[in-house]
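What follows is a set of notes on a single structure, which appears directly below.
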Protein chains: 4
Amino acid sequence: MARNATSAGGGTGTGAGAAVPERLLAEATRLFAERGYDRTSVQEIVEAAGVTKGALYHYFGSKDDLLHEIYGRVLRLQTERLDAIVARDTDVRGRLAEAAADVVVTSIQNLDDTKIFFRSMHQLSPEKQKAVRAERRRYHETFRSLIEEGQRDGHFRPELRPDLVVDFFFGSVHHLGTWYRADGPLSADQVATEFSDLLLHSVQRP
Amino acid sequence: MARNATSAGGGTGTGAGAAVPERLLAEATRLFAERGYDRTSVQEIVEAAGVTKGALYHYFGSKDDLLHEIYGRVLRLQTERLDAIVARDTDVRGRLAEAAADVVVTSIQNLDDTKIFFRSMHQLSPEKQKAVRAERRRYHETFRSLIEEGQRDGHFRPELRPDLVVDFFFGSVHHLGTWYRADGPLSADQVATEFSDLLLHSVQRP
Amino acid sequence: MARNATSAGGGTGTGAGAAVPERLLAEATRLFAERGYDRTSVQEIVEAAGVTKGALYHYFGSKDDLLHEIYGRVLRLQTERLDAIVARDTDVRGRLAEAAADVVVTSIQNLDDTKIFFRSMHQLSPEKQKAVRAERRRYHETFRSLIEEGQRDGHFRPELRPDLVVDFFFGSVHHLGTWYRADGPLSADQVATEFSDLLLHSVQRP
Amino acid sequence: MARNATSAGGGTGTGAGAAVPERLLAEATRLFAERGYDRTSVQEIVEAAGVTKGALYHYFGSKDDLLHEIYGRVLRLQTERLDAIVARDTDVRGRLAEAAADVVVTSIQNLDDTKIFFRSMHQLSPEKQKAVRAERRRYHETFRSLIEEGQRDGHFRPELRPDLVVDFFFGSVHHLGTWYRADGPLSADQVATEFSDLLLHSVQRP
DNA sequence: TATGAATGAGGGTTCATTCAT
DNA sequence: GATGAATGAACCCTCATTCAT
């Protein structure tokens with residue numbers, strides 16, 4: 001029974017003056033990443049956003065709905081970017097390298113979403129989980145198609161199972177939320193370059 | 001205030017006749033993997049184990065303690081195996097390949113622990129979390145030493161950051177819990193072989 | 001995390017139609033006096049008040065908070081009355097007699113609070129206990145100042161330690177909750193008169 | 001179903017080598033005084049005494065029984081002492097002064113018992129409570145008889161109600177547990193002398 | 001004489017959600 | 001559009017006591 005949250009409200013920023021739904025999503029994202037979905041109470045979210053419970057339930061059907069909306073955002077973003085990269089008219093190795101680097105950079109730029117993604121998926125209601133998984137699967141399939149294309153072209157080793165390669169790589173990506181620190185020694189680009197390089201070397205013909 | 005759970009009780013099996021602490025740990029592992037730590041109630045655990053809450057709290061200081069014990073078991077197991085492999089007197093490439101394949105196999109054989117590991121770490125109490133992280137770090141360092149050895153020997157690409165490679169690979173390993181299915185098309189050995197192969201190709205000199 | 005209980009709600013009575021926080025405080029006072037703080041369950045309080053646990057925790061941060069609020073009420077009442085009496089412009093002997101009689105009367109009129117006071121103080125959380133003790137100390141100091149004034153004036157025996165006299169007398173007052181019965185042979189005024197008389201005789205110069 | 005605790009066991013000291021029942025009583029007294037009866041668990045008592053729960057339940061029928069035994073000890077002690085003083089063949093004023101001073105000194109010497117006495121009485125089972133109150137009443141009656149004797153002799157003011165005087169004074173005595181500190185500025189004798197003096201002055205004819 | 005595993009009832013507290021206003 | 005009082009169910013945990021050994 002989710003209201004159409006994203007189109008409600010007026011502003012689009014995330015500061016104190018932003019529209020209420022945006023503020024709620026921003027604070028929820030921060031808190032879910034910080035202490036986990038189940039450990040974050042609705043009360044804490046509305047306090048952080050400076051509104052009351054009634055307001056939250058006016059815009060979102062449930063706490064679960066908030067989480068679903070967060071997943072929707074990051075999935076839409078990553079799908080759009082991947083689709084754009086895949087559609088380019090360049091060597092498949094370059095597109096795979098770019099796709100890999102791009103998902104690392106956006107995962108780091110939205111590290112809270114990354115943390116939430118791999119830790120809280122199973123806390124969604126079954127049907128929402130199904131929807132998210134389906135969308136995620138389409139994303140993986142697109143990524144996999146790059147591998148397959150490279151195998152057909154003779155650039156990538158034909159004995160590899162493309163789906164396993166995808167799971168191999170996205171494990172690494174999802175894991176970023178566990179160890180990456182914005183105040184650490186590595187920039188997002190450095191990690192992206194090296195992860196992309198590792199992936200390419202692992203699939204390319206010798 | 002954790003009681004000495006692992007040494008208590010008489011039996012060591014996990015069936016209905018096994019010792020109470022073992023039964024509790026087994027059921028807790030299963031339930032935590034199935035529905036998450038926060039979503040599993042102490043009541044459900046004791047019902048599954050066929051005892052009462054009082055019995056659980058006789059052996060374990062808290063629900064948190066149960067989780068800590070689960071982490072301890074898997075960490076001990078993996079550390080022992082890795083140490084044994086690293087200590088061998090063979091080519092570093094072979095040892096890295098074997099270490100990688102082995103952690104994949106044991107992660108799949110203990111898939112419930114793997115699921116719990118990367119999803120519930122942050123639900124441990126801060127101090128227990130610290131202890132687990134410290135032990136995990138030592139494990140990673142041992143693994144990393146293999147990469148460094150290979151770089152010194154000239155087998156592995158010197159431009160790679162060993163710690164990044166470790167995080168890259170263990171992301172893939174932890175992610176197994178998310179997608180691997182025992183009743184799926186792939187055996188543990190198949191996954192282990194291919195993951196190990198991907199790692200080796202990603203680090204070896206061309 | 002105590003909500004502002006005393007200013008919440010609309011009514012001020014204590015009957016079934018009174019505001020919820022007031023009803024909760026009234027029933028808690030009665031039950032704490034009757035069977036002790038630790039022996040009174042939150043469930044019993046809310047049942048007596050005709051609400052649910054959630055309502056209690058909406059107004060009070062904890063069971064401990066309820067007790068603290070009860071202490072606050074009686075302390076405010078007694079402090080106000082004592083300050084008014086001390087400030088009068090009459091003979092110090094009269095003021096001491098009146099102060100003594102007054103605290104006896106109000107202790108009997110609020111016998112439940114008196115019972116709770118000396119039995120449940122140590123069941124408050126350490127910091128709340130500290131706060132209550134500090135306020136209680138100020139009350140005692142005001143009372144003591146009457147003794148000291150009488151000693152300076154030459155009405156009271158100079159060899160007495162004023163603080164010991166205060167502890168001596170307030171022991172008697174706190175003890176009222178142990179033996180006084182509203183349906184017994186003595187009126188509040190009779191006890192007040194005699195206690196006041198005993199105090200005056202014990203301190204006056206022969 | 002209390003076993004005959006006091007006659008069981010061999011030793012009579014309270015150190016680590018003392019007999020088990022004595023050690024249990026000593027630790028229970030200390031803990032009850034420190035944190036209250038309800039807040040002290042049987043587990044804590046047996047741990048402090050260096051025995052197990054089974055041992056406690058071997059000597060005492062219940063936790064309640066322990067408390068009852070503690071009451072019994074202090075009551076027996078005080079009754080014996082008062083009876084001895086009252087029986088003397090001296091001026092009633094001297095005997096009252098001595099009785100008053102003596103109960104103050106023994107209350108301070110057994111301050112833990114004093115604290116427990118006035119705080120935990122109502123946590124005894126109803127029938128044990130009745131027994132304790134009956135014994136306490138006999139003690140008060142003996143004390144009251146001194147007042148009455150003094151009134152008959154013309155030493156004490158005849159208009160006073162002897163029972164009120166007793167309650168007045170024993171309030172002060174019971175209250176000692178609340179404020180007296182062994183490491184404070186006042187010795188037991190100093191307090192005893194002044195309390196006794198206050199009592200005598202309050203009852204004597206001018 | 002003493003153990004300690006196990007019970008079972010109840011403890012205080014939290015929380016997503018609803019609804020009259 | 002928004003409030004916040006109130007619900008009701010579930011939560012983790014504690015504890016005095018029992019009993020087979």
Side-chain angles (χ1 to χ4, degrees), chain A residues 1 3 8-10 19-21 37-46 51-66, chain B residues 1 3 8-10 19-21 24 38-46 49-66, chain C residues 1 3 8-10 19-21 24 37-46 49-66, chain D residues 1 3 8-9 19-21 37-46 51-66:
Chain A
M1 206 59 62
R3 282 75 160 174
V20 169
Y37 177 79
D38 281 327
R39 305 261 168 130
T40 304
S41 73
V42 167
Q43 187 60 44
E44 289 169 324
I45 296 169
V46 299
V51 299
T52 58
K53 284 189 192 176
L56 187 150
Y57 281 93
H58 181 72
Y59 290 111
F60 299 93
S62 64
K63 185 187 175 189
D64 184 85
D65 228 42
L66 261 177
Chain B
M1 203 58 66
R3 285 72 163 171
V20 169
L24 285 166
D38 280 330
R39 301 268 166 123
T40 303
S41 73
V42 167
Q43 189 57 45
E44 289 169 326
I45 296 169
V46 300
V51 298
T52 59
K53 282 188 203 176
L56 187 152
Y57 283 95
H58 181 71
Y59 291 107
F60 300 94
S62 63
K63 186 188 174 188
D64 185 84
D65 226 44
L66 259 179
Chain C
M1 203 60 64
R3 284 73 163 173
V20 169
L24 285 165
Y37 177 79
D38 279 330
R39 301 269 167 124
T40 303
S41 73
V42 167
Q43 188 58 44
E44 289 169 326
I45 296 169
V46 299
V51 296
T52 58
K53 284 188 194 177
L56 187 151
Y57 282 94
H58 182 71
Y59 291 107
F60 300 94
S62 63
K63 185 187 175 189
D64 183 86
D65 226 45
L66 259 179
Chain D
M1 204 60 63
R3 283 74 163 174
V20 170
Y37 176 80
D38 280 328
R39 304 260 168 129
T40 303
S41 72
V42 168
Q43 188 60 43
E44 289 169 325
I45 297 168
V46 299
V51 299
T52 58
K53 284 188 191 175
L56 187 149
Y57 281 94
H58 181 73
Y59 290 111
F60 299 93
S62 63
K63 185 186 174 189
D64 185 85
D65 227 43
L66 261 178

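Chain letters run A, B, ... following the sequence lines, proteins first and then strands; every chain starts at 1.
When every heavy atom of B:Leu24 is checked against every heavy atom of B:Leu56, the shortest pair comes out as CD1-CA, 3.8 Å. The minimum heavy-atom distance between D:Ile45 and D:Thr40, with the atom names listed, is CG1-CG2, 3.7 Å.
Remark: C:Lys53 NZ to C:Lys63 NZ distance equals 11.0 Å, nearest 0.5 Å.
Taking the nucleotide of DNA chain E with the nearest heavy atom to each of B:Thr52 and C:Gly54, the more 5' of the two is matched to B:Thr52.
Looking only at side-chain heavy atoms (C-beta outward), B:Tyr59 and B:Asp65 stay at 4.5 Å or farther from each other. Between C:Val51 and C:Val46 there is a side-chain heavy-atom pair separated by less than 4.5 Å.
The nearest whole Å value for the distance from the CG atom in B:Leu56 to the C1' atom in F:dT14 is 13 Å. C:Phe60 places its CZ atom 12 Å from the P atom of F:dA5, with the value rounded to the nearest Å. As rounded to whole Å, 13 Å separates atom C1' of E:dA16 from atom CG of A:Asp65. The distance between atom CD1 of D:Ile45 and atom C1' of F:dC15, rounded to the nearest whole Å, is 12 Å. The interatomic distance linking B:His58 (NE2) with F:dC12 (P) rounds to 21 Å, in whole Å.
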Using atom names, set out every protein N or O paired with an N or O of nucleotides 10-13 of chain E below 3.5 Å, distance rounded to 0.1 Å.
residue : atom : partner : partner atom : Å
E:dG12  : OP1  : C:Thr40 : O            : 3.3
E:dG12  : OP1  : C:Lys63 : NZ           : 2.8
E:dG12  : OP2  : C:Val42 : N            : 2.9
E:dT13  : OP2  : C:Tyr57 : OH           : 2.3
E:dT13  : OP2  : C:Lys63 : N            : 2.9
E:dT13  : O5'  : C:Tyr57 : OH           : 3.2
E:dT13  : O4   : C:Lys53 : NZ           : 3.1

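D:Asp38 pairs by the side chain to side chain donor-acceptor pair (under 3.5 Å) definition with C:Arg39, D:Gln123, not counting sequence neighbours.
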- [ ] Can you run through DNA chain F from 5' to 3' and write each base as (, ), [, ], | or . depending on how it pairs? Watson-Crick or G-U wobble, both distances under 3.5 Å.
- [x] .||||||||||||||||||||

